[in-house]
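Here the structure is laid out as C-alpha cells; the discussion comes afterwards.
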Amino acid sequence: MNLARNVSTADFQRLDAAHHLHPFTDTRQLNAEKSRVMSKAHGVWLWDTDGNRYLDGMAGLWCTQIGHGRREVADAVHAQMMELEYSNTFFKTTHPPAARLSEVVAEVTPDGLNHVFFTNSGSEANDTVFRMVRYYWQLQDKPAKQIIIGRKYGYHGSTVAASALGGMDGMHKQAGMVPGVHHITPPHWFDFGGDMSREDFGVWAAKELERAIDELGEENVAAFIAEPIMGAGGVLIPPDSYWPEISRICSEREILLVVDEVICGFGRTGKWFGSDTYGLKPDLMPIAKGLSSGYLPIGGVMVADRVADVLIDKGGEFYHGYTYSGHPAACAAALENLRIMREERVVEHCAEEAAPYLQEKWRSFADHPLVGEARMVGLFGALELVPAKPGRTERFDPVGAVGTIARDFSFANGLIMRAVRDALVISPPLVITREEIDQLAKLVEKTLDDTLAELRKQGRIA
Ligand SMILES: *Cc1c(COP(=O)(O)O)cnc(C)c1O
C-alpha cells in the first residue's frame with residue numbers, strides 16, 4: 001500500500017497539524033510552517049511527497065548505518081513475522097532471534113562484554129542502566145552508592161531517568177530532575193576551554209570527575225555515564241588527553257563506567273565502537289540506533305563479565321523488563337543489519353574509504369568566513385558557526401538562531417543536517433560513496449555561502 005498515492009502533501013500536513021505532537025518540536029511554529037512529508041528512501045537519499053530529493057546527512061537520526069531501503073532486512077523481518085511474530089522473553093522462554101542476536105552482539109562489542117539486556121530504545125537502555133547500577137551496588141553491600149555522574153550537554157534519552165542522566169537544561173526545567181544525578185563540565189574545548197590548550201583542558205575536564213567524586217563522597221557514587229563523543233550535544237569530540245585521564249580515575253576509584261554507545265556504536269567513529277576508538281573498558285554499555293540501522297526499534301545494555309557475574313551469582317530475580325525486550329522481528333532486523341555490516345565490511349568502508357575522504361573536505365570548511373571550528377571523527381562531525389574569526393571568542397546572540405537559519409538553507413538545498421546551538425552537525429550513512437560525499441560537500445559549501453549572504457543581508461555580520 002502506498003499511503004502517499006492520491007493524497008496531496010497538503011492533506012498530510014493538515015492531518016499532522018490537527019493530531020500529531022512531534023518530538024522535540026514547537027508545535028505551533030511547526031503547524032505555521034507545515035511539516036515536510038517524507039515518503040520514500042533508498043541508500044543515502046530521501047524523497048518527500050513533492051518529489052524533492054534530500055541527501056540524508058543525519059543517517060535518519062544517527063542510526064541508518066547501512067543506508068535506507070535494504071530489501072534483505074525487510075525480507076528477514078517478513079520471514080520472522082510469518083514464523084513467530086511475537087513471543088516474550090520473561091517466563092523461562094527465549095526464541096531463536098533473541099538467542100542468536102545476544103551471541104552476535106557479544107561478538108562485535110569489545111572483549112569482556114558478553115551479556116545483553118534487550119530494550120526497545122536507547123532511552124530504555126539508560127533507564128535499565130539507572131536501575132542496574134544501583135542494584136549492583138546493593139548486591140555488593142554498598143547501598144549508599146546511588147549517585148550517577150553525567151555531563152552537561154550529555155544526551156542519554158528522553159524518559160524520566162534518561163533525561164536526568166543527560167545534561168540538557170531545557171529538558172530538566174520542563175520536567176524536573178531525578179535526585180541522585182550530578183553533572184560535570186563536558187570536554188568541549190571550543191566553549192569551555194578558556195585560555196587552556198586543548199590537551200590541558202582535556203585533563204582538566206577529566207579531573208572534573210575526580211573533583212565530583214571527592215565532593216560527593218566516593219561511598220555515595222555509583223557510576224559515571226558518558227558518550228565517547230557527545231552526539232546530540234553537538235558532536236563534541238574530546239581532546240585526546242580526556243579519555244586516558246578518565247580511565248585512570250575510573251580504575252583508581254570504586255565506580256562503574258557506563259559508556260553510552262547509542263550513537264558511537266556500530267561503526268560511527270570508524271571502529272565498531274567508540275570504546276574501541278578510545279580504548280575504553282565499559283562496565284555497562286547502552287546500545288541502540290545502529291544496532292538495527294533504524295529498520296525496527298531495538299536497544300540494549302551490554303554488561304561486562306565482572307558486573308554480570310555479580311548480578312547472576314548474587315542477584316536473584318531482577319524486577320525489570322519490557323514486554324518487547326528482545327522482540328523477534330526487531331531482533332531479526334538487527335541480525336540482518338549486522339550480517340550486512342560484517343559481510344559488506346561497512347565499518348572498514350567507513351574507516352578506510354568514506355571517513356578519510358569526507359574528513360579532508362570537512363576540515364577545509366574551517367577556511368570559510370562563518371566557520372570557527374570544523375571537527376570530525378569517523379563519519380561524525382560538526383561545524384561551529386561564528387560571527388568573526390578567529391573563531392572561539394565571539395558567539396552569535398541569541399545562541400541558536402543562526403544554526404537554525406543554516407539548517408533551513410541546508411534542507412532547502414537538499415541536504416539534511418541538524419543544528420545544535422550554532423553548530424551544524426553531520427552523521428551520514430556509513431555506506432556513503434565518494435561520489436555522494438562530493439555531492440554532500442558541495443551542498444555544505446552552498447549552505448554556508450547562503451547563510452553568510454543571509455546574515456549579511458540581515459546586518460548580523462560584517
Ligand atoms: C538517541 C540517544 C539515546 C536515546 O535513544 P532513543 O532510542 O531515542 O531512546 C541515548 N543515548 C544517546 C547517546 C543517544 O544519542
Side-chain angles (χ1 to χ4, degrees), residues 22-25 58-65 109 116-133 148-168 171-172 175 178 181 183 186-188 223-238 243 257-269 273-275 277-278 280 282 284-302 322 324-327 330 333-334 337 377-382 418 420 423 425-428 430:
H22 290 238
F24 287 96
T25 295
M58 283 302 300
L61 249 181
W62 331 88
C63 55
T64 317
Q65 321 300 67
T109 51
V116 62
F117 191 104
F118 286 119
T119 69
N120 306 290
S121 68
S123 300
E124 286 181 359
N126 282 312
D127 272 51
T128 301
V129 161
F130 203 96
R131 305 196 67 208
M132 215 178 242
V133 298
I148 305 179
I149 299 174
R151 302 179 298 178
K152 185 179 163 69
Y153 291 164
Y155 188 78
H156 301 294
S158 197
T159 53
V160 172
S163 63
L165 295 173
M168 302 297 191
M171 293 177 79
H172 298 162
V178 172
V181 182
H183 296 102
H188 183 34
F224 173 57
I225 182 166
E227 303 152 77
I229 293 171
M230 301 169 80
V235 189
L236 313 182
I237 299 170
W243 277 114
L257 173 62
V258 183
V259 182
D260 184 340
E261 294 267 10
V262 171
I263 290 183
C264 291
F266 304 98
R268 178 57 55 199
T269 65
F273 289 86
S275 293
T277 296
Y278 290 109
L280 311 180
L284 296 173
M285 194 174 102
I287 54 176
K289 294 188 173 127
L291 169 58
S292 66
S293 276
Y295 279 75
L296 281 177
I298 184 167
V301 180
M302 298 303 303
Y322 304 104
Y324 302 132
S325 284
H327 189 284
N337 172 58
V377 168
L379 285 171
F380 197 23
R418 181 170 175 185
V420 180
V425 305
I426 201 139
S427 153
L430 304 185

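Every number for a ligand or one of its atoms is a count from 1 in the order of the listing.
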Closest heavy-atom pair, Val133 versus Ala223, reported as atoms and distance to 0.1 Å, is CG1-CB, 4.1 Å

With heavy atoms and a 4.0 Å threshold, my read on which part of Ser121 contacts ligand 1 is both

Is the closest heavy atom of Lys289 to ligand 1 under 4.0 Å? yes

Item to complete: Return yes or no for this condition: an N or O of Asp260 is under 3.5 Å from an N or O of ligand 1.
Response: yes

Near Gly122 (heavy-atom distance under 4.0 Å), the atoms of ligand 1 are 4 (C), 5 (O), 6 (P), 7 (O), 9 (O)

Ile263 heavy atoms within 4.0 Å reach ligand 1 at atoms 15 (O)

Ligand 1 to Asn126, heavy atom cutoff 4.0 Å, flagged ligand atoms 10 (C), 11 (N)

(Q) Between Arg151 and Met230, is there a side-chain heavy-atom distance shorter than 4.5 Å? (A) yes

Under 4.0 Å from one or more heavy atoms of Glu227, ligand 1 contributes atoms 13 (C)

- request: Report yes if some N/O of Ser123 lies less than 3.5 Å from some N/O of ligand 1; otherwise report no.
  value: yes

Please tell me if the side chains of Phe273 and Pro282 come closer than 4.5 Å, counting only heavy atoms from C-beta onward.
no

Please check this pair: side chain of Glu227 against backbone of Tyr155, looking for a donor-acceptor N/O pair closer than 3.5 Å. yes

Taking every heavy atom of Ala164 against every heavy atom of Val181, the minimum-distance pair comes out as O-CG1, 3.3 Å

How are the rings of Trp243 and Tyr278 set relative to one another: parallel (under 30°), tilted (30 to 60°) or perpendicular (over 60°)? tilted

inquiry  = Looking at Ser293 and Gln65, would you say the former's side chain and the latter's main chain have a donor-acceptor pair under 3.5 Å?
reply    = yes

closest protein heavy atom to atom 12 (C) of ligand 1 is Tyr155 O, 3.3 Å

